[in-house]
Amino acid sequence: MRIGSYVTFFALTLAIDALSPIAGAGEGAIALERPVLDWAHWQRPDGTWACWSPDALAKHHATMASVCYRPLDENGKRITAVGLMPPKVMAEVLANAKPELERSHELGVRMIGYCDAVMFSREILEAEGIAFDEVAAYHADGKPAGNTYYDPRGVNCGCIKKPRWLELQKLVARMTAEAGFDGLMFDAYPLAFQPGYQCHCAVCKKEWKTYSAAILGEAVPQPGDDKGVLDLSKRADQEYLKWRLQSYVDFVKAIEADVHAEYPDFKIVMNHNADTLDFGYQAIHGTFRHPSSEINHMKVGEDSSIYMYRFCEALMEDPCLIVINSGTQIEPAVRYRVLMAEALAGGGAIYAADYGEPGEITRRYHPFMMKHAEWLAGFKSMAKTAVLYSWEDHAFAQTERYGPAFGLGQGKNYYRKAGEFLERQQIPYDCVVVDKGLSTKALRAYRHVIVPNIQRISDTDLAALKAYAANGGRLVILGSLAGCDEDHANIHRLPIATLEDPSSKVRLPRECEAFDIEVAPSDNIVTTLRRKEDRVALHLLRRGDFDPDPSQSIQLRLRLPESARLASAVAVSPQAEPVKFDWRVEDGELRATLKGMEIYALLALELK
């Protein structure tokens, strides 16, 4: 998906540490994912052109790389900037990539290939006998859909509902797997490009007619105003949106099932945006087992990315990998440091920059990850606070109008706002997805459940929340919860302004403040708490403070798990100067002072 600037300059992640390795840590038994996005082309010593450089991957100690390959002319210029490659062109490109693929595997790097999920060159497809109408998407006026975003010569857009388009995508996946790649990244999210949700090809019109008759009791025209924008207060528009999003779920799953029949470990990745309605629906319905998210909706270093890691961890197999859209997002470079710190704290990773000052930061963080891998890999959240996410509410209560194509900033995301509200209070949290079903048993794992102004909820899920409060759990409603008007000692309410105003100084009620972590001074400090067996990792980072005073001390209190004793505590950081760390245990708490933390520190706690 390339909604923002086209990315060509990224190569790998993360950092060097002034301290010696934590006891027991090191490259050892556990390796963290260190992904590279290498979408440039490289000239070989013999003058021919390669799609990527294995030497560049080796320089960054990559474990995985996403590469983009295009058909090139003899001068190394792309014949087309974007677009699906038909079989003969694909075979030539994969043959050209074979030397670099073999060398990358020798270096231990898993390679993720590339496929354009929506755009194509009519000339290139027709040259291989693929009829235009078999694949093309159409506007409501009958004109073929296309754009000149990335290729001034223009490309057309395909429809994911057309059987021929699906078969071509399956073939690309199979050919990529047969060539020896370890996975395939679909880029250019299909609904992000016109006609978006409003393809009016013959296949879409016929299928919607049948579907709407079954679900609505009568066949209705494709919803949308004269510009194709959906009114999500109307049931027909709601059902139409779900139908479109389910089409993409079915598209990805069909490709996965086809390639997994022979290559069961082959990864299918979609570059997407984890903040959006589309991602939420598709994740809940099992599309993204290997999530990737752009961040063109964020002001990096000021807005949180942690909520995306929490959401992905609740639903998917792999941690979220984040893609930076353009260099301007990480200027000044301290923003980049914050983003990388959030990845460590959130349990994910960044496709990181390798140029100028950001490149120097990368070369500090990457060795840090390697040195302390056993304190970063395989840890799970030990938060005692949960924030509810409801896709139904996000779509149909927090969003009014949507489309005609996928875009950012459409609709509110109260889950995201609630997460940032907790982060301002140094409260680690998990995401619990309402659409997967709530149970009182599962909710009991949390001392507090945060309800971010949910207006659409089933009777079963509402009953689970009420039972949770009745059995001693603290239910904190930010705004309101439809169907919950009870006056109960364990049900607390705060105004919706708590979510709407990031500068709000409102905190959780005093009776809810029995949390595990206290930090002072607390301005701009964010914490996450993760555990693996007898190891607890407390991550601290500074957000929104681009000129921190390193002489400032941070006072910290952390409640230790019951019946556990602290065997050792060490603070490490990827910054050049070590963090000073004094600690003691008193009344079942770690009480510590950190001095000199610039942006990020990891407190590694070994329990007995």
Side-chain angles (χ1 to χ4, degrees), residues 1-2 33 35-39 51 63-69 82-85 87 90 93-94 97 101 104-105 109-120 158-192 245-274 276 278-294 308 311-313 315-323 348-349 351 406:
M1 177 175 63
R2 286 288 163 264
E33 196 71 273
V36 174
L37 193 74
D38 189 345
W39 286 10
C51 302
T63 59
M64 183 185 83
S66 168
V67 294
C68 178
Y69 31 72
V82 292
L84 175 74
M85 287 179 283
M90 186 73 181
V93 170
L94 291 175
L101 179 62
S104 298
H105 280 157
V109 184
R110 299 190 313 283
M111 299 305 300
I112 307 299
Y114 176 89
C115 184
D116 193 313
V118 63
M119 290 176 278
F120 68 92
C159 174
I160 61 175
K161 279 194 160 292
K162 288 195 166 180
R164 184 65 166 135
W165 186 255
L166 175 60
E167 286 306 314
L168 287 169
Q169 299 285 4
K170 287 180 180 178
L171 182 58
V172 167
R174 287 198 303 271
M175 291 180 71
T176 305
E178 289 166 2
F181 281 83
D182 303 281
L184 181 68
M185 176 185 279
F186 284 102
D187 192 56
Y189 173 54
L191 299 177
L245 298 182
Q246 186 63 41
S247 297
Y248 182 71
V249 173
D250 296 341
F251 173 75
V252 173
K253 287 186 174 181
I255 296 168
E256 274 192 323
D258 185 76
V259 73
H260 284 175
E262 190 169 352
Y263 302 95
D265 297 326
F266 190 78
K267 287 191 175 188
I268 296 292
V269 182
M270 175 73 226
N271 196 20
H272 211 311
N273 187 297
T276 61
D278 293 43
F279 187 97
Y281 180 95
Q282 292 153 359
I284 289 166
H285 290 83
T287 311
F288 307 123
R289 292 183 296 150
H290 316 293
S292 173
S293 179
E294 297 186 1
M308 294 190 289
F311 180 71
C312 291
E313 190 167 290
L315 287 168
M316 301 170 214
E317 290 182 10
D318 286 355
C320 186
L321 306 182
I322 280 183
V323 178
Y351 290 109
F406 169 89

Full working for side-chain contact (heavy atoms from CB on, under 4.5 Å) between Leu191 and Leu245: CA-CA 9 Å; Leu191 299 177; Leu245 298 182; 3.9 Å; yes
Distance, nearest 0.5 Å, that separates CD1 of Ile322 from CD of Glu294: 10.5 Å
To the nearest 0.5 angstrom, please state how far the CG atom of Leu184 sits from the CD1 atom of Ile112. 8.5 Å
Nearest atoms (heavy-atom pairs only) where Lys253 meets His285: NZ-O, 2.8 Å
Closest approach of Ala117 to Phe186 (non-hydrogen atoms, all atoms of both residues): CB-CD2, 3.9 Å
Side-chain contact, heavy-atom cut-off 4.5 Å: Ser66 with Trp39? yes
Closest heavy-atom pair and its distance - Ala283, Phe311: CB-CE2, 4.1 Å
Ser292 and Val269 have their tightest heavy-atom pair at CB-CG1, 4.0 Å
Can a donor-acceptor pair be found, under 3.5 Å and without considering hydrogens, that links the side chain of Gln169 to the backbone of Val118? no
Cys51: which residues meet the side-chain contact (heavy atoms from CB on, under 4.5 Å) condition with it, sequence neighbours left out? His41, Tyr69, Asn96
Verify side-chain contact (heavy atoms from CB on, under 4.5 Å) between Phe288 and Leu315, making sure each step is shown before the conclusion. CA-CA 9 Å; Phe288 307 123; Leu315 287 168; over 6 Å; no
With heavy-atom distances below 4.5 Å as the criterion, would you say the side chains of Val172 and Ile255 are in contact? no
Given Lys161 and Asp250, is the side-chain contact (heavy atoms from CB on, under 4.5 Å) satisfied, shown in steps? CA-CA 9 Å; Lys161 279 194 160 292; Asp250 296 341; over 6 Å; no
Hey, does Glu33 have a side-chain heavy atom less than 4.5 Å from the side chain of Arg110? yes
Between Asn273 and Phe279, is any pair of side-chain heavy atoms under 4.5 Å apart? no
Under the rule for side-chain contact (heavy atoms from CB on, under 4.5 Å), what residues qualify as partners of Leu171, not counting sequence neighbours? Pro87, Arg174, Met175
Straight-line distance of Leu166 CG to Phe251 CZ, nearest 0.5 Å: 6.0 Å
Side-chain heavy atoms of Met270 within contact of Val252, under 4.5 Å: no
Distance check, rounded to the nearest 0.5 Å: Leu84 atom CG versus Trp165 atom CH2? 4.5 Å
d(His260 NE2, Lys267 NZ) to nearest 0.5 Å is 10.0 Å
Hey, are the side chains of Tyr351 and Asn271 touching, using non-hydrogen atoms and a 4.5 Å cut-off? no
Hey, could you give me the SG/CD distance between Cys320 and Glu313, rounded to the nearest 0.5 Å? 11.0 Å
State, to 0.1 Å, how close His105 and Gly180 come at their nearest heavy-atom pair, and which atoms those are. CE1-O, 2.9 Å
So Asp182 and Met64, side-chain contact (heavy atoms from CB on, under 4.5 Å) or not? Walk me through it. CA-CA 9 Å; Asp182 303 281; Met64 183 185 83; over 6 Å; no
Would you check if the side chain of Asp38 reaches a backbone N or O of Val67 as a donor-acceptor pair within less than 3.5 Å? no
Within the side chain of Asp318, is there an N or O that forms a donor-acceptor pair under 3.5 Å with the backbone of His290? no
Taking atom types as modelled and ignoring hydrogens, do the side chains of Gln282 and Tyr189 form a donor-acceptor contact shorter than 3.5 angstrom? yes
What's the shortest heavy-atom distance between Asp116 and Ala188, and which atoms? OD1-CB, 3.7 Å
Lys/Arg N to Asp/Glu carboxylate O, Glu167 vs Lys170, below 4.0 Å: yes
Please work out whether the ring planes of His272 and Tyr248 are parallel, tilted or perpendicular, with thresholds of 30° and 60°. perpendicular
